[in-house]
K.L.:
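Quick one: the structure is below, and I'll ask about it shortly.
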Amino acid sequence: MSKSENTTRIETPQAIRGTQDIFGPDADAFAHVVETFERVRRLYRFRRVEMPVFEKTAVFSRSLGETTDVVSKEMYSFEDRGGESLTLRPEFTAGLARAYITNGWRQYAPVKLATHGPLFRYERPQKGRYRQFHQIDAEIIGAAEPTVDVELLVMADQLLKELGIADGVTLTLNTLGDAESREAWRAALIEYFRAVKADLSEDSQERLEKNPLRILDSKDPRDKVFVADAPRIDDFLNAEAQDFFAAVTSGLDAAGVAWERNGALVRGLDYYRHTAFEFVTTRLGAQGTVLGGGRYDGLMESLGGPATPAVGWAAGIERLAMLVGELPYDRSDVAVVAESREREVDASVLVAAYRRAGFSAEAFVTGSPRKRYDKAQKTQPHTIVSLDFRDQQYVNGFKCDEALYPKMAEVQAILDHFIKA
RNA sequence: GCGACUGUAGCUCAGUUGGUUAGAGCGCCGGUUUGUGGUACCGGAGGUCGAGGGUUCGAACCCCUUCAGUCGCCCCA
């Protein structure tokens, strides 16, 4: 009985829309971003935190508050068996704020935290946007001084430089003022745009009610003519807020971090105060933000915690990896080829010896023995060890692809030792 | 949620105005050649032409629906 006659076709389940299986050069670039972040984060003495991937829905719905679209349409929420509404984290900040409150991390304040991992948003996938995506994240909780904003930005700047992607990426900066100045500005914007409402784009007419600050970064040319003359936050900043922003910008100048003012850079949520920033690029199509963040002094209270100043940023690992591009191929130190079946065990023993000695090594012991050498060469190892059994003789070959390979002598010594044994 | 474009072998792609048994390169597997070798040659496996329906004597090709991908809009915590 042949297979085709009696087997019913088993449907392979497909991957969830907007998820990705990252492999090969993409996976290498991804890992490089995370490794670089981990290294830089240690330089700045940020402490690593591991966070749950899901939380009670209230953790996010409270912090996101009024923007009902985001909460109702764009979160992965579900009920557990006890009927509790849970949500896959759409960001790190809210969960970290919850942990800060519930674990009493005030005792460590000001505390510098760093984490990374998957986040989930129910959105239509497009370039650099996925439903499960990954971010690196850095936060400083419990410090109200502008010096920590500067430290955080300098860290971000150094990270991008060490990733080699700082060219073509610019830091854009704005202040949203304190609660008082922010509200005054917002009221003025609404008044200004309401007067010309009929001439705004349909989208912006809607934004006027829901999220007026967002009109400022509308892409529609009909809106842009009015945006140019819209009220500026600078005219609404009180002395305290002015001083804060001046301290941040002068701190950046002193640290040698280039920045540009972008008066249209806003945050939709009320708990954001003072500094708002984005590192942007034109190299990623419509998804131009590489790294973004700001000061969110009002967040802790919206989660029922004590008033706590905090500032942080996050960056999409996939986007950073796209900018990093293809890394140089990581060649192995040694390839051990068993060119006949009699030497397969020898090859396994020898390759293990290399690995114990700290060399990256791969054994070629599968498939046609005659083709293993070619297969090994295609992986571009620095050295190739050939183990053969021909004409009733053991034959061992050694080849170093480039004379300059610094560890050639050590590799050869391990082979010699193996042959004698 | 909306729009445009795209789905053919593991990968990259051909496939004529609708017409026999759907092809190539690469990769994979087997073999021959070479025998300090990245070569060349021979052979093989592998396809519900994304899925479902319709038009037609006949559909990979035309129509509808659906799913997926890509890019953009909305949103962007």
Side-chain angles (χ1 to χ4, degrees), chain A residues 4 7-20 23-24 59-76 87-97 119-131 133 135 137 201-204 206-207 210-211 213-214 217-220 265-272 276 278 284-289 292-294 296 299 302 312-314 316 319 335 337 339-340 364 366-381 383-388 390-391 393 395-401:
Chain A
S4 56
T7 49
T8 52
R9 186 185 169 76
I10 297 173
E11 198 80 19
T12 302
Q14 43 189 340
I16 303 298
R17 173 173 211 159
T19 62
Q20 7 166 28
F23 177 71
V59 169
F60 305 111
S61 61
R62 295 241 177 84
S63 66
L64 296 174
E66 89 229 57
T67 47
T68 52
D69 265 22
V70 167
V71 171
S72 60
K73 293 183 188 167
E74 293 171 20
M75 297 200 313
Y76 269 98
T87 295
L88 300 178
R89 62 184 181 196
E91 60 163 354
F92 281 113
T93 309
L96 287 168
L119 302 171
F120 305 84
R121 295 180 185 178
Y122 196 90
E123 297 183 296
R124 190 78 181 258
Q126 60 187 80
K127 189 181 181 74
R129 275 179 85 158
Y130 303 94
R131 287 187 172 179
F133 59 105
Q135 285 188 343
D137 183 282
S201 67
E202 295 78 12
D203 286 330
S204 283
E206 193 128 341
R207 290 186 186 112
K210 282 167 35 183
N211 204 349
L213 301 201
R214 281 280 163 207
D217 53 18
S218 169
K219 290 168 187 165
D220 196 303
L265 176 55
V266 294
R267 294 278 112 99
L269 301 170
D270 285 339
Y271 58 71
Y272 281 100
E278 288 179 0
L284 289 178
Q287 310 303 321
T289 301
Y296 51 95
L299 174 60
S302 70
W313 57 249
R319 288 188 197 173
V337 186
E339 295 208 71
S340 59
F364 291 82
T366 60
S368 168
R370 314 193 72 141
K371 292 186 175 174
R372 289 175 191 168
Y373 194 90
D374 282 357
K375 213 193 276 184
Q377 284 201 113
K378 282 183 183 170
T379 68
Q380 300 180 304
T383 58
I384 300 187
V385 174
S386 160
L387 305 179
D388 205 349
R390 218 187 300 152
D391 305 325
Q393 296 278 323
V395 183
N396 304 310
F398 177 83
K399 185 186 178 193
C400 185
D401 195 46

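Only a predicted model underlies this, so the values are computations on that prediction, with no experimental measurement involved. Basis for what follows: all heavy atoms, side chains included, without hydrogens, waters or symmetry-related copies. Chain naming here is simple, since letters A, B, ... match the order of the sequence lines and numbering starts at 1 in each.
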K.L.:
Can you check the A:Arg121 CZ to B:rC74 C1' distance for me, whole Å?
P.N.:
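So the CZ-C1' distance, A:Arg121 to B:rC74, works out to 15 Å.
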K.L.:
Using the C1' atom on both, measure B:rU48 against B:rC67 and round to a whole Å.
P.N.:
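Approximately 16 Å lies between the C1' atom of B:rU48 and that of B:rC67.
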K.L.:
Please round to the nearest 0.5 Å and tell me the distance separating atom NZ of A:Lys219 and atom OG of A:Ser204.
P.N.:
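Atom-to-atom, A:Lys219:NZ and A:Ser204:OG are 12.0 Å apart.
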K.L.:
Distance check needed: B:rG72 P versus A:Lys127 NZ, whole Å only.
P.N.:
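That distance rounds to 7 Å.
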K.L.:
Please report the distance separating the C1' of B:rG31 from the corresponding atom of B:rG7, rounded so that it comes out in whole Å.
P.N.:
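These two C1' atoms come out 37 Å apart once rounded.
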K.L.:
From C-beta outward on A:Arg370, which listed nucleotide comes closest to its side chain: B:rA68, B:rU32, B:rG38?
P.N.:
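Nucleotide nearest to A:Arg370's side chain: B:rU32.
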K.L.:
For B:rC29, take OP1 and OP2 only and decide whether either is under 4.0 Å from a side-chain N or O of A:Lys375.
P.N.:
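For B:rC29, OP1/OP2 do have a side-chain N/O of A:Lys375 under 4.0 Å.
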K.L.:
Look at the side-chain N and O atoms of A:Ser368 and state whether any lies under 4.0 Å from the OP1 or OP2 oxygen of B:rG31.
P.N.:
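Yes, such a contact exists.
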K.L.:
If the P atom of B:rU70 is compared with that of B:rG18, how far apart are they to the nearest Å?
P.N.:
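Taking atom P in both B:rU70 and B:rG18, they lie 32 Å apart.
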K.L.:
In this structure, how many angstroms lie between the P atom of B:rG37 and the CG atom of A:Asn396, rounded?
P.N.:
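In whole Å, B:rG37 P lies 17 Å from A:Asn396 CG.
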K.L.:
Mind checking A:Lys219 for me? I need base, sugar-phosphate or nothing, with any heavy atom below 4.0 Å counting as a touch.
P.N.:
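Sugar-phosphate, backbone atoms only, no base.
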K.L.:
Expressed as a whole number of angstroms, how long is the span from A:Lys378:NZ to B:rG37:C1'?
P.N.:
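Rounded to the whole Å, the gap is 13 Å.
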K.L.:
Can you tell me how far P of B:rG37 sits from CZ of A:Phe364, to the nearest Å?
P.N.:
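One finds 18 Å between P of B:rG37 and CZ of A:Phe364, rounded.
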K.L.:
Where the side chain of A:Asp388 is concerned, which of B:rG35, B:rC71, B:rG69 is the nearest nucleotide?
P.N.:
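Selected nucleotide (nearest to the side chain): B:rG35.
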K.L.:
Could you state the interatomic distance from CZ (A:Phe120) to OG1 (A:Thr19), rounded to the nearest 0.5 Å?
P.N.:
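It is 10.0 Å, given to the nearest 0.5 Å.
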K.L.:
Please tell me if A:Asn211 has a side-chain N or O lying less than 4.0 Å from either OP1 or OP2 of B:rC76.
P.N.:
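A:Asn211 to B:rC76 OP1/OP2: side-chain N or O found under 4.0 Å.
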K.L.:
Provide the distance between the two C1' atoms, one in B:rG25 and one in B:rU8, to the nearest whole Å.
P.N.:
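Pairwise C1' distance, B:rG25 against B:rU8, rounds to 15 Å.
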K.L.:
Go through B:rC75, B:rC29, B:rC67 for me and flag the one nearest to the A:Arg129 side chain.
P.N.:
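Nearest nucleotide to the side chain: B:rC75.
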K.L.:
What nucleotide, of B:rG37, B:rG3, B:rC74, holds the atom closest to the side chain of A:Arg124?
P.N.:
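So the nucleotide nearest the side chain must be B:rG3.
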K.L.:
Between B:rU66 and B:rC57, how far is it from one P atom to the other, in whole Å?
P.N.:
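After rounding to an integer number of Å, I get 28 Å for this pair.
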K.L.:
Quick one: look up who B:rU17 pairs with, Watson-Crick or G-U, both distances under 3.5 Å, and put none if it's unpaired.
P.N.:
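Its partner is none (no Watson-Crick or G-U wobble pair with both distances under 3.5 Å).
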K.L.:
Which value, in whole Å, describes the distance between the C1' atoms of nucleotides B:rC41 and B:rA22?
P.N.:
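Per the computed distance, 27 Å lies between those C1' atoms.
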K.L.:
When the P atoms of B:rG43 and B:rC63 are compared, how many Å lie between them, rounded to an integer?
P.N.:
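Nearest-Å result for B:rC63 against B:rG43 at atom P: 40 Å.
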K.L.:
Considering only B:rG37, B:rG31, B:rC74, which nucleotide approaches the side chain of A:Arg390 most closely?
P.N.:
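Out of B:rG37, B:rG31, B:rC74, the nucleotide with an atom closest to A:Arg390's side chain is B:rG37.
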K.L.:
Nearest to the side chain of A:Asp374, which nucleotide is it out of B:rA68, B:rG38, B:rC75?
P.N.:
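Out of B:rA68, B:rG38, B:rC75, the nucleotide with an atom closest to A:Asp374's side chain is B:rG38.
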K.L.:
Tell me which nucleotide among B:rG72, B:rC76, B:rC75 gets nearest to the side chain of A:Arg207.
P.N.:
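Of B:rG72, B:rC76, B:rC75, B:rC75 is nearest to the side chain of A:Arg207.
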K.L.:
Using Watson-Crick or G-U wobble geometry with both distances below 3.5 Å, tell me the partner of B:rG1, or none.
P.N.:
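Pairing partner, where one exists within any strand: B:rC73.
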